[in-house]
Each structure stands twice: as structure tokens, then as C-alpha cells.
Number of protein chains: 2
Amino acid sequence: MHKRPYHHGDLAAALLARAEEMLREKGSDALSLRELARDLGVSPAAPRRHFTTKQALLDALALTGFERLTAAIATAQDGAGRTFPEQLDATARAFVGFAAANGALLDLMFSAKHSPEASEELGGAALRWVQQGLDMVAEGQRRGEVRAGDLERVALTVFAPLQGYIGLAASGVVAPEVAEEGLDDVIASVVRACRPD
Amino acid sequence: MHKRPYHHGDLAAALLARAEEMLREKGSDALSLRELARDLGVSPAAPRRHFTTKQALLDALALTGFERLTAAIATAQDGAGRTFPEQLDATARAFVGFAAANGALLDLMFSAKHSPEASEELGGAALRWVQQGLDMVAEGQRRGEVRAGDLERVALTVFAPLQGYIGLAASGVVAPEVAEEGLDDVIASVVRACRPD
DNA sequence: CCTACATTGTTTGCATCGCCTACATTGAGA
DNA sequence: TCTCAATGTAGGCGATGCAAACAATGTAGG
């Protein structure tokens, strides 16, 4: 078996890919830089050439998470009808689907503990996700399908139920069959709640 | 300064109290059994006489969290009017208040990673919290103030928005002023969403 | 009151971790 | 071709969780 050349080639990308697998397998608590290094056949200190701290790696993971979430939702919205209920339905299912496949990554994304130096880039990605949601609600308001009012406040009432559904489903506090069928109810309740008077 | 007697007296309770302070100060990632032991003036191995693993201590914390959350909500409900909107308002504010004061503890409570041996007692406490919510929604249905339907599914549409609001407010993804004023909107949207047709 | 045992401490050790510094290899650009 | 930047390695430090063996003491029963 040939020994790997001294330069890995693209260790940064490999670390992120393997870290995501480990996140999915074991959760963020068990994610370990040394184990990542072992898995990739490099020394324990090699990851530090690409991510100065463990937290920096986690922040990079959260960043890719927001990028992929935003992309998944955009794709779902493109393939849906143009009414607000149709757009919301597509958005909600894409969001929940992403959460089902990437629960630990989502936790990481919405965790309050990001390092300050990551705030700008990571914050930018989070903001694009937020803006995407605001755009959908704004379009609904323009079409007269969503109640009037401050855009951010109305959007909060749209996305809080989805976020909460995801959290409750993931925590196991809600029975799996209730969670499975309950998404339809949650989406319908959001549509009812923000329907103009 | 007098050396502590060999027996601490009530090390288990002291560990839980200090662990909660540390959770609040630093989050669950930074919670350390050795530091707890140092803070309480015992050796590093002493905590293991009361909690066999760090996870066992975290599970015990989550258990007390559910007990206190359930108690806080019961107290708020007792002091509120009897209509569903009044009961929901009281419940929501108690829940959000608890979350504001105990963000990291709430994360711990709803974290998917509890040890199997803790499942029964911790699960029982979580179930009592769930039942409390189901009771409130059931009473609303009896009074004709909440739409008919499967109780658990209707309750999910009531509590998902609250849970999501808490998560979004805590994560910083939502602007603080939007979060502060947005609770009224979220509560109102829940009432609208589950009003009978 | 004394003894035995259970409860609850301590000491010592192991394996792992994150992070760091100094040094080594090699790829790229001038 | 040479220099420097990028990216590895080796070795070390201080911390962690967990474990086994031993020590101190509180309690219950005879």
C-alpha cells in the first residue's frame, strides 16, 4: 500500500466532508479533530493549518449548512406554484427534509455559540437564509395572500412554527407518528394564521 | 480556614446546583466534572459516587429542568383567566421566561442525546410537561375555543410556534427587537390558527 | 456500646482531547 | 534555480472523563 504523498492535496475540503459524516454519526459533542486527522491519515496538528481551532471548523460546517439549506429551499420554491400556500408548502418540506437528513448540522447552524471571527461570513450566510424567507413572505403580502404588517414580525410567525416542529420532532418529545402526520397540520396552521382578515 | 469534614454532606445536590450555574455561565460543552469537583472542594473522583458518568449528571439536570418548567407553567396557568387565549398567553410567557433564564438548560432538556438508563425517569418528566400542554389544549377543545381534531396533532400546532420562537430568539438569527415584540404576534397567530372554523 | 457494612470520600493511573511550538517537505512563482 | 509560502510532522503541555484500589466515617443492629 502506497504511503500518501506528503501533501494531502485538499485537506481542508476532506476535513469538512469527514467532519460532517462524524457529526451525523456521533453528534457535535463527539466530533474530534484528532479523530478526523486519524481518519484522513494525517498527523494531529495538520488540521490546524486549515482551521486554527475546533470551533473554526465547526463554524465552517455551519456556513456550508446555511448555504446548502438556502439552495435546497430555492430549488423547492422554483419547482412549486406561485401562491403563498404553495411556496410555503415547498419551503417547509425542503426545510424539514434538510433537518431530517442533517439534524446535528442544523443544531450547529442555529447554535448561539459561534466564534466572533466567524460572525461576518457565517452571519452573511445566515442572513441570506433569513432574507430568502423574508422575500417569500413579502411576495405573499404583495399578492394579498399574507396579512399586512411589519415584514420581519410576520415572517417570525411563519418560520417559528417550522423551526419548532423540527425541534420537537428531533427531540423525541413528540411521538414519531404524530410528528410525521403533523407537518401537514403545522403548514396548514401557518397558512390560516397569516391569512389576511 | 477549616478543612471540610471528610463527608461533604449533600454532594449530589451541590453538584447539580453548581452544574446549573456553570451551564448558565459557559454552556453544556464547557461543563466539566473536574471543575465542579474543584469548585466544591472535593477530589475529581467524588462526583462519580453520585453520578456514574458526566452524561448521568446532565440527565439529572434535564430532569430538574422539566420539573421546574412544568411547575412554572402550572403556576402561570393558575394565575390566568380560564379562556384558551388567556391560558395560552400565560403558558407561552412562562415558557419563554423560563427559556430566557435557562437557555442552555432548555437545550439540554430537548437534546436528543440522553442516556438510555435515564430515559424512564427523564422521559416521565418530559411526558408530564407534554401532558400539561395536552390538557390545556383539550380544555380549549371542550370549551369550543380550539378547533376539533386529534388532540396530539392540534397540540403540536400550538406548541411548535412557541418552541420555534424560543429557538430563533436564542440563536440570534432574529433581531432582538423583532424577537421581543414578536412574542405577541406568535401567540396571536397560534390563537388564530387553532380557532374553530 | 461495639462491630460490621454501606456510603462516600481520596489517590493514582490511563487514554483521550485541544492547542501549541519548532522543525520538515514540497509546490509555486519570480 | 532559488526563495518563500503552504502544508505537513514530531513532540509537548495541560486539561478532560473514567476507572480501580484504598481510606474515612456514618448508620444500623446485636
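Below, all heavy atoms of this structure are taken into account, side chains as well, without hydrogens, waters or symmetry copies. Please read all numbers here as calculations on a predicted model, not as lab measurements. Just so it is clear: chains get the letters A, B, ... in the order the sequence lines come, proteins before strands, and each one is counted from 1.
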Enumerate the residues from residues 8-30 of chain B whose closest heavy atom to DNA chain C is under 4.0 Å, giving them by residue number; use none for an empty result.
B/His8, B/Gly9, B/Leu11
May I have the distance from [X] (atom [atom1]) to [N] (atom [atom2]), rounded to whole angstrom?
X       : N      : atom1 : atom2 : result
A/Leu33 : C/dC19 : CG    : P     : 6 Å
A/Tyr6  : D/dG8  : OH    : P     : 8 Å
B/Arg48 : C/dG9  : CZ    : C1'   : 14 Å
B/Phe51 : C/dG9  : CZ    : P     : 12 Å
A/Arg34 : D/dG12 : CZ    : C1'   : 10 Å
A/Leu40 : D/dT9  : CG    : C1'   : 16 Å
A/Arg4  : C/dT25 : CZ    : C1'   : 11 Å
A/His50 : D/dG8  : NE2   : C1'   : 8 Å

Side-chain ion pair, A/Glu20 and A/Arg24, N-O less than 4.0 Å:
yes
Identify whether the distance between the nearest side-chain nitrogen and carboxylate oxygen of A/Glu21 and A/Arg18 falls below 4.0 Å.
yes
Watson-Crick/G-U partner (both atom distances under 3.5 Å) of [N]:
N      : result
D/dA20 : C/dT11
D/dG30 : C/dC1
D/dC13 : C/dG18

If we only count heavy atoms from C-beta on, is the [X] to [Y] side-chain gap below 4.5 Å?
X        : Y        : answer
B/Asp59  : B/Phe51  : no
B/Phe110 : B/Gln163 : yes
B/Ile73  : B/Met136 : no

Can I get a per-line list of side-chain donor-acceptor pairs under 3.5 Å for residues 188-195 of chain B, giving both atom names and the distance, sequence neighbours left out?
unit_1, atom_1, unit_2, atom_2, d
B/Ser189, OG, B/Val186, O, 2.8
B/Arg192, NE, A/Ala193, O, 2.6
B/Arg192, NH2, A/Ala193, O, 2.8

Can you figure out which of C/dT26, C/dG9, D/dG17 approaches the side chain of B/Val42 most closely?
C/dG9
Tell me which nucleotide among D/dT16, D/dC18, C/dT10 gets nearest to the side chain of B/Ala45.
C/dT10
Check: B/Phe159 ring centroid to B/Tyr165 ring centroid under 6.0 Å:
no
When you measure from the side-chain N and O atoms of B/Ser32 to the phosphate of D/dT16, is any distance below 4.0 Å, counting only OP1 and OP2?
yes
Position toward the 5' end of DNA chain C (nearest nucleotide), A/Arg49 or A/Arg38:
A/Arg38
